[in-house]
Amino acid sequence: MNTIHTQPLYNTFARRNLHFTQGNGVWLISDKGQNYLDFTSGIAVNVLGYTHPKLIEAIKTQAEKLWHISNLFESPEQESLAARLCANSFADKVFFCNSGAEALECAFKTARRYHYTLGQPKRFEIITFEGAFHGRTLATIAASGQKKYLEGFGPKVCGFIQVPFDDEKALRHAINKNTAAILIEPIQGEGGLRTVPYETLKKLRKLCDENQLLLILDEVQTGIGRTGKLFAYEWNDIMPDILTLAKGLGGGFPLGACLATEQAAKAMTPGTHGTTFGGNLLGIAVSNSVLDIILEPDFLNHVQHMGNKLQQGLLSILNTYPDIICAIQGIGLMMGMQCTIPQNEVITALDNEYILSVGAGHNVVRFLPPLIITEEEIYEGLHRIEKAIAYLSQTNKKK
Ligand SMILES: Cc1ncc(COP(=O)(O)O)c(C=O)c1O
């Protein structure tokens, strides 16, 4: 009898025909033995690249002691990582979880419960912005508000109101007696590297203060050094009440966190929230090592410096090939190249030059290299990007 072998995974990802078997620094090696320069970092996850010796040592040491211990018991390990995150941010309290979407769920519950315990149970609406991406759970697709993510999944979770990006009038209009919080990414990652202007974030903070709302920043993608500061909000003169983290926090180990001020987190008392795996000891050990390196005195300067080099190089490619690229946006090592031709054609041309990139909204191709990238590797990347764009420009002219 013939056995029919079907592909056994959910068909939810449009996977590229590439299989990687080994990583090393900023390089990924395919099963065919080809070296690819990785400008994706697993979508902003592998901040210290692949097989970093310090991270390997941290996970090995912890693996030989204890992997998982329930949140039923004390966790000095979680406490010490939380204390470090608080010492380096606005926050006083941390809840550890496993992913970005879970960090957002904790943020929503924290905001709703905050108003509930102040005697305002109807204040549960959270305002979000067009182009946002906050994850793929039912609540986070409602927060993201994008039709393509909501379609076919039944009634949208209530309590999320969306307004256009950077439209103060619409935002003011949306605030009402049921509003609990405003949620925003300082730079829209999936939405196409749109940076919230400095003045807008300041106005958001002011609006929140005037209306007793909580300001939630989603730094799942921008956090942990990606923009050249530990948190992107540090570029602006404001502080949030709640902040979500994941991706880079575990350097490749699944770890998320919701950070909050003492006041915002006050209502999250025993029993109000929980997780089996959140704050897993292996993740905490790796994350402590990630922070050891990112908080070294010169590390974030290095990210800023590399980000500037990447930006300058991309701008120069734009000047040469305005037929293919129309804008460069982003901060630090979170750069986007807006294209005039379909982004998939650009991503394929880049794959063909052995440099990996990732798409984003508004026809943007994203570059998110590991933060440990050297100047030489940035130039190598720019060289490969230029070759791919030159090829596209040439074939475009022939059309
Ligand atoms: C800004 C932002 N928030 C939330 C998420 C969801 O994170 P996760 O995929 O870990 O659930 C993402 C993922 O891309 C993100 O970029």
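Numbering starts at 1 and runs along the sequence shown. Counting starts at 1 for both ligands and their atoms, following the listed order. Small disclaimer: the values here were computed from a predicted structure and weren't measured.
Given atom 11 (O) of ligand 1, the protein heavy atom at minimum distance is Ala101 N, 2.8 Å. With respect to atom 8 (P) of ligand 1, the closest heavy atom belonging to the protein is Gly100 N, 3.5 Å. Residue, atom and distance of the protein heavy atom nearest to atom 3 (N) of ligand 1 are Asp218 OD2, 2.7 Å.
Atom CD1 of Ile69 and atom CD of Glu74 lie 11.0 Å apart (nearest 0.5 Å). Put simply, CG on Asn236 and CD1 on Ile238 are 5.5 Å apart, with the number rounded to the nearest 0.5 Å.
Under 4.0 Å from ligand 1, the heavy atoms of Lys247 that appear belong solely to its side chain. Contacts between Glu190 and ligand 1, counted as non-hydrogen atom pairs separated by less than 4.0 Å, involve the side chain only.
Set against the non-hydrogen atoms of Glu185, the atoms of ligand 1 under 4.0 Å away are 1 (C). Proximity to Ser99 (heavy-atom distance under 4.0 Å) selects the following atoms of ligand 1: 10 (O), 11 (O). The Val220 neighbourhood of ligand 1 comprises atoms 2 (C), 3 (N), 4 (C), 5 (C), 7 (O), 12 (C), 15 (C), with distances under 4.0 Å to a heavy atom of that residue.
A single hydrophobic cluster is seen to contain both Leu55 and Leu295, as judged by linkage of ILVMFWY side chains at heavy-atom distances under 4.5 Å, directly or through other members. Put simply, Phe90 and Ile242 are part of two different groups of oily side chains (I, L, V, M, F, W, Y) that touch within less than 4.5 Å, one to the next.
The pair Arg16-Asp351 counts as a salt bridge, with a side-chain nitrogen and a carboxylate oxygen less than 4.0 angstrom apart. Between Glu105 and Lys109, no side-chain nitrogen of the basic residue sits less than 4.0 Å from a carboxylate oxygen of the acidic one, so the salt-bridge criterion is not met.
For ligand 1, one of its N or O atoms has an N or O atom of Gln221 under 3.5 Å away.
Partner of Phe20 under the ring-ring contact (aromatic ring centres under 6.0 Å, His included) criterion, chosen from Tyr50, Tyr36, Trp27: Tyr36.
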